[in-house]
Structure formats: C-alpha cells, structure tokens
Amino acid sequence: MHTPADPRWAGTQYRSAIFVLTPEQRELAEKAVLARGALGKFVAVEDAGDFYRAEEYHQKYIEKATDMRSNRGSAVESFLI
C-alpha cells in the first residue's frame, strides 16, 4: 500500500486497489480497508475486469531485483521485511 500524497503517484497507473470477483470478496476487502484506518482511504475496492499479463520484463520482478543487488541486499527485500 502507498499513500499518493506525492502528485507523481496520483492517477490510475500507480495506486493501491483490491479487485474482487464476488460479493463475499468485496465485503472482506472493504473490511480490510476499514481496518487500515486513515491509510484505507488510499485503497480502492473495485470489480475485477479483464486481466492482461504484463510484458515479460516485468515478470518475477522481485527475483530479478534481488539478483541485481545480490552483493548489497535489495531495497525490495527491505520493503517486504
């Protein structure tokens, strides 16, 4: 989750969202968003639409980022910990 206070992160490309397929998923997602308090306002709950797989160079990003930084650790790994 991120907070798009910085205008560079506003819009539809970089955002936090939960995409749901069923009413049950929507209910769970909305409860999860509410549980995040003030940060929840940055997360949209939307119906899932068609899914398009990203280009190959976007696949396995964390593995690739870790490989590139193997000697000094990964910023991505730090974020996930």
Side-chain angles (χ1 to χ4, degrees):
M1 188 173 353
H2 70 281
T3 54
D6 185 326
R8 294 176 297 169
W9 301 108
T12 60
Q13 185 175 3
Y14 298 105
R15 63 194 178 112
S16 294
I18 301 172
F19 298 97
V20 298
L21 297 171
T22 67
E24 293 80 13
Q25 288 178 345
R26 177 173 292 282
E27 182 179 345
L28 290 171
E30 289 173 349
K31 286 180 182 178
V33 167
L34 286 173
R36 298 300 180 268
L39 288 178
K41 71 180 180 180
F42 296 108
V43 181
V45 177
E46 301 180 12
D47 292 331
D50 293 335
F51 177 81
Y52 300 94
R53 185 173 170 84
E55 293 87 354
E56 188 56 37
Y57 64 90
H58 290 297
Q59 304 303 321
K60 299 185 180 181
Y61 173 78
I62 292 175
E63 290 177 25
K64 292 174 184 176
T66 301
D67 289 345
M68 290 188 301
R69 297 175 180 90
S70 60
N71 291 336
R72 33 189 183 105
S74 167
V76 174
E77 287 175 310
S78 300
F79 175 76
L80 295 175
I81 295 175

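None of the values given here were measured: they were computed from a predicted structure.
- For the pair V33 and E30, the minimum side-chain heavy-atom distance is 4.5 Å or more.
- Using a 4.5 Å heavy-atom cutoff, the side chains of R53 and H58 are not in contact.
- Contact detail for V45 and A29: the closest heavy-atom pair is CG1-CB, 3.9 Å.
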Please assess Q25 against T22 for the test side chain to side chain contact (heavy atoms under 4.5 Å, CB included), listing each intermediate value before the final yes or no. CA-CA 5 Å; Q25 288 178 345; T22 67; 3.3 Å; yes
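- Here the closest heavy-atom approach between residue R26 and residue D47 is recorded as NH2-OD1, 2.7 Å.
- Summarising the geometry, atom CZ belonging to R36 is positioned 11.0 Å from atom OG belonging to S16; distances are rounded to the nearest 0.5 Å.
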